[in-house]
Amino acid sequence: MNQELKTSSSLVTLTKEMKEAILASPFIALTSVSKAGVPHLIVVGQAKNIVNDSQLVFGVYKMETTRQNLAETGCLQAAVVSGKVGYRFTGKAVVQNDEVILSIEQVAALL
């Protein structure tokens with residue numbers, strides 16, 4: 001089931017089920033992409049916060065390549081899996097102080 005929920009210019013509002021999967025996921029995979037189109041995958045612990053039901057906040061620990069990629073393109077995907085539920089969140093992200101903030105523009109069910 002690769003269902004994709006799209007929005008035109010607005011952000012996706014996370015459902016209760018999506019938020020539960022985010023909070024229950026033991027780790028989250030983040031993929032950024034450079035201006036040359038090279039993807040960079042890292043794994044982080046849990047999301048630090050969910051803001052306005054449409055943004056995910058992650059703590060920054062090193063993430064040097066991710067920070068560089070976000071400065072160049074702002075493109076970020078986060079993949080979460082909890083049990084038999086999984087989602088890929090796609091959008092634009094910025095680094096602010098010690099946090100990465102992902103504004104979710106698209107969601108795809110993974111499982």
Side-chain angles (χ1 to χ4, degrees):
M1 171 185 359
N2 197 6
Q3 175 184 354
E4 194 156 328
L5 309 171
K6 294 185 179 183
T7 61
S8 53
S9 61
S10 62
L11 299 179
V12 170
T13 299
L14 298 173
T15 65
K16 178 183 174 193
E17 292 79 16
M18 290 174 191
K19 289 188 266 185
E20 287 172 352
I22 292 165
L23 296 174
S25 183
F27 61 88
I28 298 175
L30 299 179
T31 304
S32 60
V33 63
S34 71
K35 66 181 175 183
V38 177
H40 178 71
L41 174 68
I42 62 171
V43 176
V44 298
Q46 296 179 329
K48 189 174 178 180
N49 198 3
I50 299 171
V51 178
N52 299 324
D53 291 334
S54 61
Q55 294 178 309
L56 298 180
V57 179
F58 303 97
V60 171
Y61 177 74
K62 294 188 181 182
M63 293 188 183
E64 293 156 8
T65 302
T66 299
R67 285 189 218 202
Q68 179 64 38
N69 288 349
L70 294 179
E72 292 175 3
T73 67
C75 297
L76 188 70
Q77 287 188 328
V80 302
V81 174
S82 176
K84 294 186 178 188
V85 176
Y87 298 97
R88 178 177 51 245
F89 303 102
T90 302
K92 293 293 183 179
V94 295
V95 177
Q96 292 182 351
N97 301 317
D98 63 344
E99 298 177 330
V100 171
I101 302 167
L102 170 61
S103 297
I104 301 167
E105 298 171 346
Q106 295 180 355
V107 178
L110 297 177
L111 304 172

Got more than 12 heavy atoms from elsewhere within 6.0 Å of NZ, Lys19? yes
Do Leu23 and Ile104 share a hydrophobic cluster, counting only Ile, Leu, Val, Met, Phe, Trp and Tyr and linking them when any side-chain heavy atoms are less than 4.5 Å apart? yes
On a heavy-atom basis, which atom in Ala109 and which in Tyr87 lie closest, and how many Å separate them? CA-CD2, 4.0 Å
Measure the shortest side-chain to side-chain distance between Val85 and Glu17 over non-hydrogen atoms and say whether it is less than 4.5 angstrom. no
Locate the shortest heavy-atom distance separating Lys48 from Glu99; write the atom from each residue and the value. NZ-OE2, 3.1 Å
Please find the pair of heavy atoms, one from Glu105 and one from Gly91, that lie closest to each other, and give the distance. OE1-CA, 3.8 Å
Do Leu11 and Val57 sit in the same hydrophobic cluster, where Ile, Leu, Val, Met, Phe, Trp and Tyr count as joined when their side-chain heavy atoms come under 4.5 Å apart? no
For Ala24 versus Ser82, what's the shortest heavy-atom pair and its separation? CB-OG, 3.2 Å
Closest non-hydrogen atoms of Leu110 and Val80, given as atom of the first, atom of the second and distance, are CD1-O, 4.4 Å
Side chains of Glu64 and Gln68: any donor to acceptor distance under 3.5 Å? no
Value for SG (Cys75) from CG (Leu102), rounded to nearest 0.5 Å, stands at 10.5 Å
Identify the two heavy atoms, one from Thr90 and one from Gln77, that lie closest to each other, and give their separation to 0.1 Å. OG1-NE2, 3.0 Å
Criterion side chain to side chain contact (heavy atoms under 4.5 Å, CB included) against Ser32, the qualifying member of Thr73, Thr65, Asn69, Val100: Asn69
Answer yes if Met63 and Val95 sit in the same cluster of Ile, Leu, Val, Met, Phe, Trp and Tyr residues linked by side chain heavy atoms under 4.5 Å apart, and no otherwise. yes
What distance do Leu41 atom CG and Leu30 atom CG have between them, rounded to the nearest 0.5 Å? 8.0 Å
N/O donor-acceptor pair under 3.5 Å between Gln55 side chain and Ser103 backbone: no
Atom CG in Asn52, atom CG in Leu14: separation rounded to 0.5 Å? 10.5 Å
Drop me the distance from Leu56's CG to Phe89's CZ, to the nearest 0.5 angstrom. 6.0 Å
